[in-house]
Amino acid sequence: MPTYQYEAMDHTGREVKDAIDASTQEEAQQLIRQKGFFVTKISEKAKKTRKGATARKGGRRKKKSFTIGRISTKQLCTFTRQLSTLQDAGLPILRSLKILEGQCRPGVLKNALGEVVEDIESGQTLSEAFAKHPKAFDRLYCNMIKAGEAGGALEAILQRLADFKEKAQSLKRKIKGAMVYPIVVIFVACVIVGFILYFIIPKFEAIFNDFGVPLPQMTIMLITASHFLIKYFYIVFLTPLFIWIFIKLLYRNKTGAYLCDRILLMTPVMGTIAEKSTVARTMRTLGTLVQSGVPILEALSIVRETAGNAVFERAFTRIYESIREGESIAQPLRESRIVDDIVVNMIDVGEETGDLDTMLNKIADNYDEEVEVAVDSLVSLLEPIMIVVLGGIVGFIVIALFLPLITLITKLSG
C-alpha cells in the first residue's frame with residue numbers, strides 16, 4: 001500500500017507534518033480529514049525499487065552537454081505544447097518524453113529530459129522527476145503536473161499549462177516589442193551626441209581660442225561637457241553598469257527590493273504597466289493553479305514566489321496568513337490596496353459562488369488587454385517626448401556653436 005507524506009493544519013492553525021498509508025491519494029485525504037486536519041500539501045512517498053537502481057547503475061548513461069543557465073520561456077512553451085499534443089494523441093508519457101528529448105538541441109532541457117526519462121523508468125512520478133530540475137521546470141510547473149497526476153487528468157493539465165505559458169509569453173513579447181523602438185532611438189541619439197562632444201566640439205574650441213573670441217555661457221557649458229567626456233569617458237560608459245549593479249544589490253535585500261518596486265509602481269505610465277502586468281500574471285497563475293486542483297495555500301505560496309514584485313509578495317503573504325486563519329482572499333487584498341476595487345469584488349463573488357478560478361482568469365484577461373493599451377499609450381507618449389528632447393539637445397548644440405561663430409564673422413568683417 002502506498003505511503004503519502006502530508007502537511008496539514010489542526011483546528012488551532014498549528015502545522016502538522018506526518019505520513020499515512022492509503023490505497024489512493026483521495027482516500028489518504030479522507031483519512032486525514034477524519035483526524036480533524038485540513039490538508040495543505042500531500043504527495044506520495046517515492047518508492048525506491050531495486051530493479052530501477054540496478055538499471056541505473058548498469059545502464060549506459062547518455063552523454064550530457066555542458067550547459068549554463070536556464071531554459072528560455074519560449075523553449076518551455078514549445079515543449080509543453082508538444083508534450084500536451086502527444087499526450088492528447090494517447091502516447092504513453094515515457095514514449096512522449098523520449099520523442100521530445102530526441103528533438104531537442106543540446107542544452108539544459110535536453111539534459112533534464114534525459115534524467116527525467118531515467119527517473120520515470122526507475123519508478124518515480126513525472127512531477128517528482130521534473131522537481132529535480134528547477135532550472136528547467138519551476139515550482140508552479142511541477143505542482144500543476146502533480147495535481148494532474150493526482151486527479152487522473154494529466155492531458156487536460158498539460159493543455160492548461162501550455163495555454164498559460166503561451167499567454168504569459170505573448171504578454172511579455174508585446175511589452176518587449178513595444179520597448180525596442182524607443183530604446184534604439186535613445187541609444188543612437190546618445191552615440192551621436194557623444195561623437196559630437198568627443199570629436200567635433202574640441203575642433204571648434206581650437207578655432208575660438210586661436211581668434212580669441214569671447215564665449216557665451218551656453219558655449220562654455222558645451223565645452224565643459226566635452227572636456228568631462230574626453231577626460232572621464234570610462235566613467236560615462238561604466239555609469240549604466242554601476243547603476244545596474246547597484247539596483248541588483250538592492251534587490252538582494254528585502255527592504256531594498258520593496259523600496260525599488262514601490263517607486264516603480266508610483267512612476268507615471270511605467271508604474272501602471274508594471275502594476276497591471278503583475279496583476280495579470282499573478283491572477284492567471286492563481287486561477288490556473290486553483291483550476292488544476294492545487295490546494296489554495298500551496299497555490300498562494302507559489303504565486304507569492306513568482307509575483308516578481310516585492311510589494312505584491314508582501315500582499316500575498318498577508319493573504320496566505322489570512323487563509324490559514326480561516327478568512328477569505330478578498331479582505332486582505334482590499335486592505336493591501338495594490339489592485340482596483342473591481343478585482344477585489346470579482347474575487348469576492350468568485351469565493352461566494354465557488355467559481356474562483358473562472359473569476360481569476362477573467363481578471364487576468366481584462367488586465368492583459370489593459371496592459372496592451374497602456375503599452376501603446378506609452379509608446380505614443382514617448383515619441384513626441386523623444387522628438388522634443390532630441391530637438392532641444394541638437395538646438396542647444398547648434399546655438400552654442402553658432403553664437404561665437406557669428407561674433408567671429410562680425411569681428412573679421414569689421
Side-chain angles (χ1 to χ4, degrees), residues 66-76 107-108 134-136 138-139 168-198 224-282 304-316 338 371 374-379 381-383 385-390 392-393:
F66 177 74
T67 58
I68 298 175
R70 298 171 175 266
I71 70 170
S72 65
T73 308
K74 183 179 179 181
Q75 192 178 9
L76 186 58
V108 178
K135 289 185 178 181
D138 56 21
R139 190 177 166 196
Q169 176 67 8
S170 175
L171 180 62
K172 188 184 294 186
R173 187 167 56 247
K174 286 175 183 175
I175 295 174
K176 286 184 177 180
M179 293 295 103
V180 168
Y181 171 72
I183 289 172
V184 170
V185 171
I186 292 170
F187 175 75
V188 172
C190 289
V191 170
I192 292 172
V193 171
F195 177 81
I196 292 172
L197 290 175
Y198 197 92
T224 302
S226 175
H227 288 171
F228 181 84
L229 179 63
I230 293 171
K231 189 175 181 181
Y232 302 106
F233 69 93
Y234 55 91
I235 294 179
V236 175
F237 282 106
L238 291 177
T239 297
L241 178 63
F242 288 146
I243 293 172
W244 181 78
I245 293 173
F246 177 70
I247 293 173
K248 283 289 184 183
L249 291 175
L250 272 179
Y251 270 100
R252 289 181 176 272
N253 179 271
K254 288 186 177 181
T255 305
Y258 181 84
L259 182 63
C260 290
D261 286 332
R262 175 60 71 182
I263 292 172
L264 174 62
L265 293 176
M266 294 171 64
T267 306
V269 187
M270 284 299 296
T272 302
I273 293 174
E275 177 190 341
K276 291 183 183 299
S277 61
T278 306
V279 171
R281 184 174 61 255
T282 53
R304 179 178 57 190
E305 292 177 5
T306 57
N309 187 293
V311 177
F312 279 82
E313 286 176 15
R314 285 196 182 185
F316 279 105
I338 58 171
V371 168
V375 169
D376 292 339
S377 300
L378 176 63
V379 174
L381 183 65
L382 281 175
E383 288 181 1
I385 290 176
M386 287 189 298
I387 291 171
V388 171
V389 171
L390 295 178
I393 293 172

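Along the sequence shown, residues are numbered consecutively beginning with 1.
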Show me, pair by pair, the donor-acceptor contacts under 3.5 angstrom made by side chains of residues 261-270, not counting sequence neighbours?
from, atom 1, to, atom 2, distance (Å)
Asp261, OD1, Tyr251, OH, 2.6
Asp261, OD2, Ala310, N, 2.7
Arg262, NH2, Tyr258, OH, 3.1
Thr267, OG1, Ile263, O, 2.8
Thr267, OG1, Leu264, O, 3.4

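To the nearest 0.5 Å, the span separating CG on Leu76 from NZ on Lys74 amounts to 13.5 Å. Of the inter-residue distances, the one linking Ile192 atom CD1 with Phe187 atom CZ reads 10.5 Å to the nearest 0.5 angstrom. Rounded to the nearest 0.5 angstrom, Leu382 CG and Ile186 CD1 are separated by 6.5 Å. Remark: Asp376 CG to Ile273 CD1 distance equals 9.0 Å, nearest 0.5 Å.
For residues 173-195, the salt bridge (Lys or Arg N to Asp or Glu O under 4.0 Å) pairs, not counting sequence neighbours, are Lys174-Glu372. Note on residues 229-246: no pairs pass salt bridge (Lys or Arg N to Asp or Glu O under 4.0 Å), not counting sequence neighbours. Each side-chain hydrogen bond (donor to acceptor under 3.5 Å, both in side chains) pair with one or both residues in residues 269-282, not counting sequence neighbours, appears once here: Lys276-Glu370. Screening residues 239-254 for salt bridge (Lys or Arg N to Asp or Glu O under 4.0 Å) gives no qualifying pairs among residues at least two apart or on separate chains.
For the ring pair (Phe, Tyr, Trp, His ring centres under 6.0 Å) test, residues two or more places apart in sequence or in another chain that qualify with Phe228 are Tyr232.
Nearest approach of Ile338 to Phe312, heavy atoms of both residues: CD1-CD2, 3.3 Å. Between Val311 and Asn309, the closest heavy-atom pair is N-OD1, 2.9 Å. Closest non-hydrogen pair, Glu313 versus Gly308, comes out as OE2-N, 4.2 Å.
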- Using the side chain to side chain contact (heavy atoms under 4.5 Å, CB included) rule, take Leu390 and Val185 through it: C-alpha gap first, then chi angles, then the decisive distance, then the call. CA-CA 10 Å; Leu390 295 178; Val185 171; 4.0 Å; yes
- Query: Where do Leu250 and Phe246 land on the side chain to side chain contact (heavy atoms under 4.5 Å, CB included) test, with the steps shown first?
  - Reply: CA-CA 6 Å; Leu250 272 179; Phe246 177 70; 3.6 Å; yes
